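Supplied in structure tokens, the structure appears directly below.
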Number of protein chains: 2
Amino acid sequence: MKKKVTLKQIAKELDVSVSTVSKALRNSSEISLDTREKVQAFAKLYNYRPNNIAISLKNRKSKNIGVIIPEIVHHFFTMVISGIENVANSNGYNVIVCLSNESFAREVVNMEMLAHGSIDGFIMSLSKETQEKGDYHHLREVVNQGMPLVMFDRVADEIYCDKVVIDDAQAAYNAVNHLIATGCRKIAIITTEDHVSVGKLRTLGYQNALQDAGIPFNENLVVKVDGEEACEKAVHQLLKYQVVDGIFGVNELFAIIAMREALKRGFKVPEDIAVIGFTDGILSKYSNPPLSTVVQHGFEIGVMAGQMLIDKLEERETEDHYRTEVIKTSLELRESTR
Amino acid sequence: MKKKVTLKQIAKELDVSVSTVSKALRNSSEISLDTREKVQAFAKLYNYRPNNIAISLKNRKSKNIGVIIPEIVHHFFTMVISGIENVANSNGYNVIVCLSNESFAREVVNMEMLAHGSIDGFIMSLSKETQEKGDYHHLREVVNQGMPLVMFDRVADEIYCDKVVIDDAQAAYNAVNHLIATGCRKIAIITTEDHVSVGKLRTLGYQNALQDAGIPFNENLVVKVDGEEACEKAVHQLLKYQVVDGIFGVNELFAIIAMREALKRGFKVPEDIAVIGFTDGILSKYSNPPLSTVVQHGFEIGVMAGQMLIDKLEERETEDHYRTEVIKTSLELRESTR
DNA sequence: AACTCGAGCGAAAACGTTTTCGTGTTAAAA
DNA sequence: TTTTAACACGAAAACGTTTTCGCTCGAGTT
């Protein structure tokens, strides 16, 4: 078990100074060819690699990116991480992932943990609880300290920083519009409580699509739920008491559950009821029938966010100017719509 | 934009030495109560936090755990990460995630990147390519340097380190056995090429179960595929030319695809053909019919791996003794089996 | 008055680098 | 022979901590 070798040890062994070793390894012309070769050979022999921590301290940058997300067992978020990791890696950065588990407190402590030297910048998506509280002091703090921050998906309008979002309202509009275009008139929406920013926006898009098509808005067709069982029950009730020929689920799971309930009650999908979801995950692809969805392009979001952050870090960006990039969604039409 | 304040700055401002500030902040009795209070007040006012990097350098430990996995858009791996993150976080560690994307080269460079100071220990699962090549020099190197390593799921027998696995063969045995117990006799297995360690083991369990039940092994019923389309085609052929009344898929996707093909050819599941999968993911839960599976308890695997690593790091473990923990699987019986 | 002792603090080393600024030696130029 | 300049290298500072050791000053003891 040979421990890591340091410059100092090489220096001692070769009877030169630490600075000479350092320069020799970087092939500085300041050092004689002789010495350079000797040092490099020795270094290779002992498999010398500079200590990252020491370099970090010296350069005052860690080459680490902190990513804070609400959960990781989630198709969209993993796609985003994949994208971030991709650009991070090709720029020599590592990715430190922390999970808030949708909790405000954990979000705060994780940020605090990371903010003091461990990372050079943040990429994050807010926890539900944080959005509910509307307390963003921890974000303010890091941006005030001059640490670059890129938010994605669940963002806070009142924080000035780079952002990567999709046009939730427009995407929802397109989805509902497709339902309308294919003959649906009594379209229900399964959405979240209003404090989740994206749920709210998607609901807005739904309303706009109806309005533009001249279809009266029916309060009874909007179902707000939180969680799986609640969703199941609510859809059950919905189908029992309302006439519905189309369902727009604000996320993948809601759409899948709605479709399942519709099937269970004997409706044919898409003939009797067409269903469309949001967030193209693995479920949509393999459900029966395969679910039509709005695809968010999580990987591209991750790439964009990573790129924006790294631009800031390497100052390829003008200081103090924040962008909000909107990644285009698209419709993946499969067999749950006509 | 106020930059981070350091001990030195506090010292200068208060006209004391750096050491005094350091001691005062740790409430050392060496420092007068007066000075302590003054320093602490000032530190609080300026929101002082020690610089992690400096601490890391001093202590020669980073309080970071490196996790290298083949991919992250994958239910099982995210469950494991969740588990790791959980114990890491409650022990004051951060998790650095790197993806090998099933590539040997990326696995190597990622390990190299992390191994020099960035982390205190590794948790990893091998990439397919690495298993294929059987080249583990990068693992050897890190363990030789005295860096703790915990492998999980896709492990290398020839590397001496802590491991967390499931009993793949036994789990497969149980799954196939359940098929047999419920009346299946012509049981097919959809598996991977032999170089993937877990695929091989699961195939072994399948064979053993057949043997113990006195069912002759039929070469034509084992389908080895790599990738989704290949799987689809192979199952298609299988069902066309062979009589099958049970299918064991070596992972979730294979089982789902097999079930879909069976349904497509007009078989009833589970009446005509029973299907059971491996790895309980979201697909199994929401498929139609819901898929019976072997559940791997990824979260527990992550917790175990994290705990083992931290035990080593904090030396609560006797040096130089490596454990292999086997996390028990269980059968989640849903509606794809009788 | 000389001594001891402890309280309160600072200097310095250490962690592993990189980089700036000398400094001594040697060979070429005057 | 003296000056100059290039060459090859080393010392030291810096990044931000923690910790050991030593110093000074005043009060209490003989």
Side-chain angles (χ1 to χ4, degrees), chain A residues 3-40 42-43 46-64 92 113-120 145-146, chain B residues 3-40 42-43 46-64 92 113-120 145-146:
Chain A
K3 272 276 156 203
K4 300 213 178 62
V5 57
T6 69
L7 289 187
K8 199 192 278 191
Q9 290 165 32
I10 300 185
K12 190 187 233 174
E13 211 69 35
L14 262 43
D15 212 46
V16 292
S17 77
V18 173
S19 11
T20 302
V21 177
S22 176
K23 288 170 195 164
L25 288 177
R26 342 195 88 237
N27 232 330
S28 159
S29 61
E30 217 182 325
I31 304 299
S32 74
L33 202 59
D34 234 39
T35 316
R36 266 187 272 169
E37 281 171 350
K38 210 170 48 179
V39 171
Q40 289 172 10
F42 193 92
Y46 282 86
N47 199 17
Y48 170 79
R49 288 288 134 67
N51 181 304
N52 291 332
I53 299 281
I55 306 245
S56 292
L57 184 59
K58 184 114 238 295
N59 297 344
R60 285 132 122 242
K61 53 176 62 171
S62 62
K63 285 277 188 175
N64 286 154
M113 263 189 100
L114 295 181
H116 301 93
S118 301
I119 63 165
D120 298 339
Q145 289 189 355
Chain B
K3 273 276 157 201
K4 298 213 179 63
V5 57
T6 70
L7 288 187
K8 200 193 275 192
Q9 289 166 34
I10 299 184
K12 189 187 233 175
E13 210 70 35
L14 262 42
D15 212 47
V16 291
S17 78
V18 173
S19 12
T20 302
V21 176
S22 176
K23 289 171 195 164
L25 288 176
R26 342 197 87 236
N27 233 329
S28 157
S29 61
E30 218 182 324
I31 305 298
S32 74
L33 204 59
D34 235 39
T35 316
R36 266 186 272 169
E37 281 172 351
K38 211 169 46 179
V39 171
Q40 288 171 11
F42 192 92
Y46 281 86
N47 199 16
Y48 169 79
R49 290 286 135 68
N51 180 306
N52 292 331
I53 299 282
I55 307 246
S56 292
L57 185 58
K58 185 112 239 292
N59 298 342
R60 288 133 120 239
K61 54 176 62 173
S62 62
K63 284 279 187 173
N64 284 154
M113 263 190 100
L114 295 182
H116 301 95
S118 300
I119 61 164
D120 297 339
Q145 289 189 356

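Numbered from 1 within each chain, the chains take letters A, B, ... in sequence-line order. Since the structure is predicted, the reported quantities are computational estimates derived from the model, not experimental observations.
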At the 4.0 Å heavy-atom cut-off to chain A, mark where contacts on DNA chain D begin and end, going 5' to 3'.
D/dA8 to D/dG16
Could you say whether B/Ala54 or B/Ile31 is positioned toward the 5' end of DNA chain C, judged by the nucleotide with the nearest heavy atom to each?
B/Ile31
For the backbone of B/Asn52 and the side chain of B/Ser56, can you confirm whether one donor and one acceptor N or O come within less than 3.5 Å of each other?
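The answer is yes, because a donor-acceptor pair under 3.5 Å joins these two groups.
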Taken to the nearest 0.5 Å, the spacing of B/Lys38 NZ from B/Ser32 OG works out to 7.5 Å
Counting C-beta onward and ignoring hydrogens, is there a side-chain heavy-atom pair between B/Val21 and B/Leu14 closer than 4.5 Å?
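Not touching, per the 4.5 Å side-chain cut-off.
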Derivation of the side chain to side chain contact (heavy atoms under 4.5 Å, CB included) call for A/Glu13 and A/Gln9
CA-CA 6 Å; A/Glu13 211 69 35; A/Gln9 290 165 32; 5.7 Å; no
Say whether, by atom type as modelled, one donor and one acceptor occur between the side chain of B/Glu30 and the main chain of B/Lys23 under 3.5 angstrom.
no
Is there a donor-acceptor pair closer than 3.5 Å between any side-chain N or O of A/Arg36 and the backbone N or O of A/Ile31?
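Side chain of A/Arg36 to backbone of A/Ile31: a pair is present.
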Looking for any heavy atom pair under 4.0 Å, which part of the strands does B/Thr35 touch: base, sugar-phosphate only, or nothing?
sugar-phosphate
Produce the list of close N/O pairs, under 3.5 Å, pairing protein atoms with atoms of nucleotides 22-28 of chain C; give distances to one decimal.
none

So which heavy atom on A/Val5 is nearest to which on A/Tyr48, and how close?
O-CD1, 3.2 Å
Which part of the nucleic acid, if any, lies within reach of B/Leu7 when heavy atoms closer than 4.0 Å are counted: base, sugar-phosphate only, or nothing?
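The residue B/Leu7 makes base contact.
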Report the distance from atom NZ of A/Lys23 to atom P of C/dC21, rounded to the nearest whole Å.
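For the pair A/Lys23 NZ and C/dC21 P, the rounded distance is 12 Å.
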Flag, side chain of A/Asp120 to backbone of A/Lys61, donor-acceptor distance under 3.5 Å
no
On DNA chain C, does the nearest nucleotide to B/Leu57 precede the nearest nucleotide to B/Asp15 from the 5' side, or the other way round? Give the residue.
B/Asp15
Please check if any side-chain donor atom of B/Ser19 sits under 3.5 Å from a side-chain acceptor atom of B/Ser22, or the reverse.
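The answer is no; no qualifying pair exists.
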Looking for any heavy atom pair under 4.0 Å, which part of the strands does A/Ser32 touch: base, sugar-phosphate only, or nothing?
sugar-phosphate
Any side-chain to backbone donor/acceptor pair from B/Asn51 onto A/Gly117? Under 3.5 Å, distance only.
no
Could you tell me whether A/Arg36 contacts a base, only the sugar-phosphate backbone, or nothing, with contacts defined as non-hydrogen atoms closer than 4.0 Å?
nothing
Report for the helix from C/dA1-D/dT30 to C/dA30-D/dT1: angle between first-end and last-end helix axes, five pairs each, rounded to 10 degrees.
90°
Report the C-alpha distance between B/Ser118 and B/Asn64 in whole Å, list the side-chain angles of each, state the deciding distance to 0.1 Å, and finish with yes or no for side chain to side chain contact (heavy atoms under 4.5 Å, CB included).
CA-CA 7 Å; B/Ser118 300; B/Asn64 284 154; 5.7 Å; no
Which part of the nucleic acid does B/Thr6 contact within heavy-atom distance under 4.0 Å: base, sugar-phosphate only, or nothing?
sugar-phosphate
Of B/Lys8 and A/Val16, whose nearest nucleotide on DNA chain D comes first from the 5' end?
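That would be A/Val16.
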